[in-house]
Amino acid sequence: MTRLRLDGLGKRFGDVDAVKDLDLDVAEGSLVALLGPSGCGKTTTLRMIAGLESPTEGDILFDEESVLATPPEKRGIGMVFQRYVLFPHMSVAKNVSFGLRMRGVDRAEIDRRVAEVLEVVQLTGFGQRFPSQLSGGQQQRVAIARTVITEPRLMLMDEPLSNLDAKLREEMRAFITRLQRQLGITTVFVTHDQVEAIELADRIGVMFDGELVQVGTPEEIFNRPRTLRVADFMGTTNLIRGRLADVGAAGATLVTDVGAIRVAPADHLRTGAEATATVRPEHIDLLPRDDATGLPGRIVESVYYGGTLAYRVALGDLVLQVRDRSTRRFGDGEEVSVRIAPHHVWVFPEA
Amino acid sequence: MAIASPTRNRGHARWATWRRRAYVPVMLAPVVLTLGVLFFGSLLVALLQSFGHAPIYGITEFPTLKHYRSLFALPGFWASVGLTFYYAIVPTIVGTIASLYLALTLRRRFRGRRFVQFVYKLPLMIPYLVGVALTIVLFGNGGIAARTLFALGVIDSTGDFPRLIYSHAGWGVMFVYLWKQIPFTTLILYSVLMGLGKESEEAAVTLGAGRWQTFWHVTLPQIMPGVVSATIIVFAFNFGSFEVPFILGGGFPNTLPVEAWRAFDDADYSKRLRAMAIVMFIGVLSSAVLITYLAAYRRFERLRGRQ
Ligand SMILES: Nc1ncnc2c1ncn2[C@@H]1O[C@H](COP(=O)(O)OP(=O)(O)OP(=O)(O)O)[C@@H](O)[C@H]1O
Ligand SMILES: [Mg+2]
């Protein structure tokens with residue numbers, strides 16, 4: 001198992017900074033997802049790790065050893081491309097055995113390992129087919145089989161699921177998780193889909209405009225985003241502006257136009273500071289109006305979404321999105337009490 | 001919309017069907033007619049003449065094989081066949097390898113790439129005859145190469161310069177072919193490479209393939225259709241080429257097309273029928289080679305699972 005470390009990595013194409021001063025530490029055997037919108041430099045980062053692109057700045061270390069001088073074929077990486085890129089002129093078996101054949105592994109050993117890997121990716125019996133005779137999901141599994149068979153130190157996956165339909169994507173997601181756990185290969189997984197990142201990754205790195213803006217566990221990124229942009233990218237959220245008061249060991253109070261909201265303690269809270277807080281729609285509780293513990297609100301709109309009710313609730317001028325999983329149902333225009341638990345209120349450390 | 005009567009409607013439908021069916025033949029007619037008259041028409045005339053039917057020269061011996069028989073009995077005829085193959089095959093192979101190398105190099109980024117991209121195509125715009133003249137000026141016994149070597153004291157007189165032209169070894173002939181055909185083949189292979197993109201090669205490299213392995217197992221098999229098309233065109237041209245071996249070749253015996261021209265140019269009109277027999281023979285040989293080559297290539301593709 002290999003530890004990957006990127007140290008101040010940067011890449012300029014002409015006057016475009018595709019990747020800027022990127023630091024990342026990927027622990028042995030873990031899966032890190034690089035998450036970000038299109039054009040933020042995810043592919044470029046992967047290509048630099050693979051050796052297909054040379055960085056203009058910084059260093060890439062495998063087990064604390066720089067690989068900058070090592071050509072891609074000697075880095076011992078496996079890469080799954082955004083568009084599979086199977087060899088169209090080779091059968092599935094030849095595609096899968098390619099890496100072993102190039103290393104001069106003997107025939108019997110190759111046959112044994114190909115059979116083994118095809119079984120892992122559930123493609124036993126497909127060996128003699130050609131890529132053009134496979135579905136997208138099957139092609140993707142061949143692409144994965146082709147890389148894992150060489151037992152790479154590091155797996156690099158560039159949006160491997162983006163070309164699949166929703167159901168297949170889900171299956172492949174589970175498949176990749178299982179495979180990665182089973183083989184324990186250190187993996188960097190690129191995606192622009194936050195659900196995919198949350199489900200697959202041990203840690204997520206969020207990238208915008210070539211910069212890594214936050215690295216953390218999915219839970220941290222989701223519940224304690226560093227900036228508004230990260231919060232927004234991680235899905236629908238409510239933003240509440242106010243001024244911090246009573247900062248202490250027990251937390252703080254965010255004084256807003258619609259009332260006071262308690263905030264759990266955190267190091268970056270400062271009394272008197274203007275602040276923006278975020279609360280996820282599923283973390284807001286709605287209670288009947290006679291409950292006095294919440295802020296007074298009124299239901300503007302309710303939509304039923306398989307299993308949950310999505311409300312828009314007005315608190316004065318502020319409109320909050322609320323997801324309620326309970327069986328209780330409020331009608332449009334109904335007066336309610338809005339309650340937010342302090343540990344679900346997150347104040348951005350950076351504006 | 002008005003309701004049309006059933007009969008009118010049917011007539012209309014029939015007309016539409018006819019139009020649909022006639023569309024392709026009508027559109028193709030100009031090409032088919034031109035090709036038919038110019039190519040198959042003249043081919044038919046040549047074929048008839050080679051079997052002794054040439055009323056315009058007052059010869060009506062049809063059918064006879066004597067012109068073919070006289071051909072095979074001719075001294076130097078088989079040497080001529082050998083030379084034709086030699087001049088056609090060697091430059092095709094050498095040129096294809098050189099072009100592959102050049103096309104792969106042009107794809108990489110290097111200083112002056114745009115300049116090279118422009119310059120290498122120049123021979124494509126210049127006629128073969130200019131290439132012939134260039135070769136004489138460069139490699140003739142009193143040519144630039146000979147004079148330079150003499151001036152440098154490498155040879156004692158310009159007469160000692162090796163015979164590169166007017167010899168059966170055909171260095172001059174093949175030089176002209178390469179001068180023109182390397183740019184041509186490079187252009188084809190370069191566009192095929194551009195269409196292929198670098199992704200599959202990058203995939204190969206990440207799987208541990210070295211440069212040579214990547215070329216051999218991934219790049220070459222995928223650009224094979226381009227290589228085959230280019231070699232077919234180049235071979236067919238070289239096989240039937242007349243002016244280059246005529247000027248730069250080693251005299252008698254010369255390649256089949258040159259011999260055909262000599263027979264045709266003879267004061268004795270009956271020799272023209274022999275010329276036609278040679279032309280037919282060239283056609284048959286060249287087709288046989290190309291068909292065998294294509295069949296072999298198809299087999300190769302089928303083995304790789306392409307339809
Ligand atoms: N070879 C190149 N030459 C010039 N600019 C490039 C090159 N490759 C990438 N870029 C630029 O670098 C930036 C990052 O590109 P990159 O492909 O890494 O984005 P990405 O995050 O993978 O996007 P996507 O999700 O759309 O695949 C983009 O602005 C892109 O235009
Ligand atoms: Mg990308």
Side-chain angles (χ1 to χ4, degrees), chain A residues 13 43 46-47 49-54 70-105 127-134 142-143 145-158, chain B residues 96 100 103-105 107-114 188-189 191-231 294-307:
Chain A
F13 291 110
T43 298
L46 272 202
R47 288 174 60 83
I49 301 171
L52 298 174
E53 211 82 69
S54 47
T70 313
E73 66 268 25
K74 300 251 166 65
R75 288 196 187 181
I77 42 104
M79 184 149 174
V80 178
F81 294 81
Q82 203 159 350
R83 272 169 291 169
Y84 323 146
V85 203
L86 298 180
F87 305 123
H89 58 291
M90 293 180 200
S91 65
V92 168
K94 291 275 184 218
N95 263 283
V96 173
S97 64
F98 186 84
L100 298 183
R101 285 188 285 132
M102 296 305 110
R103 286 166 176 79
V105 176
Q128 294 318 307
R129 293 233 202 149
F130 280 82
S132 58
Q133 301 165 325
L134 299 179
V142 174
R146 181 175 75 170
T147 59
V148 299
I149 198 168
T150 61
E151 294 171 357
R153 309 172 70 175
L154 203 62
M155 273 273 260
L156 306 171
M157 300 184 145
D158 192 357
Chain B
T96 304
L100 263 173
L104 287 167
T105 308
R107 206 167 49 142
R108 299 153 69 125
R109 275 193 218 121
F110 57 88
R111 274 177 68 92
R113 174 162 166 262
R114 288 173 69 114
I188 291 188
L189 295 183
S191 8
V192 175
L193 280 171
M194 281 293 133
L196 178 66
K198 287 197 165 176
E199 280 190 319
S200 64
E201 290 168 336
E202 289 179 344
V205 165
T206 62
L207 289 166
R211 261 170 82 171
W212 179 247
Q213 286 178 316
T214 303
F215 170 74
W216 196 246
H217 293 279
V218 174
T219 315
L220 187 59
Q222 291 189 87
I223 62 170
M224 221 31 208
V227 173
V228 169
S229 319
T231 47
L294 271 178
Y297 174 62
R298 291 257 159 71
R299 217 178 110 76
F300 163 74
E301 285 289 342
R302 260 201 307 279
L303 283 179
R304 295 181 351 186
R306 279 206 199 154
Q307 299 311 310

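Protein chains get the first letters and strands the later ones, always in sequence-line order, with residue 1 at the start of each.
Within the 4.5 angstrom heavy-atom criterion, no atom of A:Arg75 approaches chain B. At a 4.5 Å heavy-atom cutoff, A:Arg129 makes no contact with chain B through either its backbone or its side chain.
For the residue pair A:Met102 and B:Gly208, the shortest heavy atom distance occurs at CB-O, 4.3 Å. A pairwise comparison of heavy atoms in B:Leu207 and A:Arg103 identifies O-NH1, 2.8 Å as the closest pair. Minimum heavy-atom separation, A:Val85 to B:Ala203: O-CB, 4.0 Å. A:Leu52 approaches B:Thr206 most closely through the heavy-atom pair CD1-CG2, 4.1 Å.
At a threshold of 4.5 Å between non-hydrogen side-chain atoms, the residues B:Gln213 and A:Glu73 do not count as touching.
In this structure, the separation between CZ on A:Arg47 and CD on B:Glu202 is 4.0 Å, given to the nearest 0.5 Å.
For A:Phe87, the ring pair (Phe, Tyr, Trp, His ring centres under 6.0 Å) partners are A:Phe98, not counting sequence neighbours.
In the displayed structure, B:Arg211 atom CZ is contacted under 6.0 Å by at most 12 heavy atoms of other residues, nucleotides or ligands. Environment of NZ in B:Lys198: crowded, with over 12 heavy atoms of neighbouring residues, nucleotides or ligands closer than 6.0 Å.
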**OP:** Test side-chain contact (heavy atoms from CB on, under 4.5 Å) on B:Met224 and A:His89 and set out the steps.
**Re:** CA-CA 11 Å; B:Met224 221 31 208; A:His89 58 291; over 6 Å; no
